[in-house]
Amino acid sequence: MPEGPELHLASLYVNKMCNGVVFTGAVRKSEVSKNPDVPFICEAYRITATSRGKEVRLTLTPMKSDDPKQRVKAGQADQPMDIVFRFGMSGYFRFTTEDELPKHAHLCFFSKEKPCRVLSFVDVRRFGSWQPSGVWQPGRGPCIMFEYKNFSLQILSHLSDRAFDRPICEVLLNQKYFNGIGNYLRAEILFRLNIPPFVPARKVLEGLESEDLCDDEKPVKNDTNTKVKEARPETSFITEESGDLLRLCHTVPLEVVNLGGKGYDPEKADYSEFEAWLQCYYVDGMKSIRDHNGRTMWFKGDPGPMAPKGT
DNA sequence: CGTCCACGTCTAC
DNA sequence: TAGACCTGGACGG
């Protein structure tokens with residue numbers, strides 16, 4: 001399931017399915033999971049979700065109890081608990097009846113109905129993780145979809161960070177700055193702007209500061225008639241490109257959310273719509289090479305100057 | 001049967 | 001800059 005759009009769709013799914021549902025008892029972890037136990041027990045509680053980049057936070061909220069003393073005696077929660085999830089390569093949430101519990105359900109929340117239903121965190125490969133009483137992981141940047149302003153500012157104010165020495169396609173996977181971008185999104189975003197994936201990130205993001213390059217352009221534009229076609233005359237085309245890049249880091253993921261399906265999830269029936277949406281990632285005729293971290297980069301045309309050598 | 005590949009982090013040499 | 005962490009689907013012999 002899991003880049004920013006899928007995580008957000010997961011939070012929408014939880015809120016929709018669990019709206020009005022009362023949960024009860026303990027939270028159950030699978031035998032095989034190495035993630036922490038969730039020490040939350042409550043006679044009656046509700047579940048809501050929110051997402052930020054590549055994380056989802058569930059909030060378990062105890063309902064008013066008739067008998068607080070009894071509740072405390074039984075060791076039951078009276079305060080809400082947040083659980084922060086990362087989905088690894090295969091995490092998602094499902095709300096099912098107990099007998100339809102998916103294989104690889106690793107954390108289960110039981111409803112009070114009879115027969116009861118179960119909200120479960122399903123994760124085939126178990127690369128996903130959760131943190132009880134958790135907070136958004138420190139070091140992850142603002143959400144590309146829902147904290148766009150902070151996301152942009154964070155990047156533009158840290159361009160001297162050595163992280164931006166790397167090729168743009170690799171920096172796009174750096175969650176410190178691009179919280180929510182994953183392997184298919186980086187391909188789709190760079191493809192739309194025709195940016196070679198292995199161009200140094202800072203070059204793309206800060207633009208051509210060097211005066212000589214700007215000066216080179218000026219006379220050319222001044223020579224052509226006064227009606228300049230581009231909106232931004234000599235503020236280098238790369239600056240415009242970088243504005244586009246940050247904007248597409250926001251809008252492209254939102255397109256996936258607005259498809260209304262499940263996003264990247266080949267197991268699902270509505271996967272075809274997502275597949276049709278892809279313009280580059282895994283698309284016939286596109287090129288692909290392994291980046292310096294061994295992840296497959298899909299692109300068209302020039303790979304750029306920092307492309308891995310050899311092989 | 002086997003090998004390769006997959007939407008992502010992590011930590012260890 | 002490797003690997004480790006996992007399961008399972010696609011595809012080759």
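Each chain gets a letter, A, B and so on, in the order the sequences are listed, and its residues count up from 1.
- Rounded to whole Å, the C1' atom of B/dC7 lies 23 Å from the corresponding atom of C/dT1.
- Comparing C/dC5 with B/dC13, their P atoms are spaced 12 Å from each other, to the whole Å.
- Residues satisfying the side chain to side chain donor-acceptor pair (under 3.5 Å) criterion with A/D302, sequence neighbours excluded, are absent altogether.
- For A/T59, the side chain to side chain donor-acceptor pair (under 3.5 Å) partners at least two apart in sequence or on another chain are A/D82.
- With sequence neighbours left out, the side chain to side chain donor-acceptor pair (under 3.5 Å) criterion links A/E147 to A/R52.
- Contacts between residues 283-297 of chain A and DNA chain B, defined by a heavy-atom separation below 4.0 Å, involve A/R290, A/R295, A/T296, listed by number.
- A heavy-atom distance below 4.0 Å to DNA chain B is reached by these residues of residues 120-130 of chain A, ordered by number: A/R125, A/F127, A/S129.
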Acceptor/donor pairs from residues 14-28 of chain A side chains to any protein atom, 3.5 angstrom cut, sequence neighbours excluded:
{"from": "A/N15", "atom 1": "OD1", "to": "A/A49", "atom 2": "N", "distance (Å)": "2.7"}
{"from": "A/N15", "atom 1": "ND2", "to": "A/S11", "atom 2": "O", "distance (Å)": "3.4"}
{"from": "A/N15", "atom 1": "ND2", "to": "A/A49", "atom 2": "O", "distance (Å)": "2.9"}
{"from": "A/T24", "atom 1": "OG1", "to": "A/E43", "atom 2": "O", "distance (Å)": "2.6"}

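- For A/K103, no side-chain nitrogen or oxygen approaches OP1 or OP2 of C/dT7 to under 4.0 Å.
- One finds a side-chain N or O of A/Q137 lying less than 4.0 angstrom from the OP1 or OP2 phosphate oxygen of B/dC10.
- The gap from the P atom of C/dG13 to that of B/dC5 amounts to 15 Å, rounded to the nearest Å.
- Among pairs with a residue in residues 168-177 of chain A, those fulfilling salt bridge (charged side-chain N to carboxylate O under 4.0 Å, His left out) read A/D161-A/K176, A/R166-A/E170, at least two apart in sequence or across chains.
- Hydrophobic clustering, defined by side-chain heavy atoms of Ile, Leu, Val, Met, Phe, Trp and Tyr closer than 4.5 Å, groups A/V118 together with A/L101, A/F110.
- Evaluation of the side chain to side chain donor-acceptor pair (under 3.5 Å) rule for A/E100 yields A/T97 as partners, not counting sequence neighbours.
- Residue pairs meeting the salt bridge (charged side-chain N to carboxylate O under 4.0 Å, His left out) criterion with at least one member in residues 117-135 of chain A, sequence neighbours excluded, are A/E113-A/R117.
- For the pair A/E3 (side chain) and A/L185 (backbone), a donor-acceptor distance under 3.5 Å is present.
- Listed by first then second residue, pairs satisfying salt bridge (charged side-chain N to carboxylate O under 4.0 Å, His left out) with a partner in residues 286-295 of chain A read A/R186-A/D291, not counting sequence neighbours.
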Original post:
So what is the 5' to 3' dot-bracket string for DNA chain B, if pairs are Watson-Crick or G-U wobble with both distances under 3.5 Å, crossing pairs use [ ] and | means the partner sits on another strand?
Top reply: ||||||.|||||.

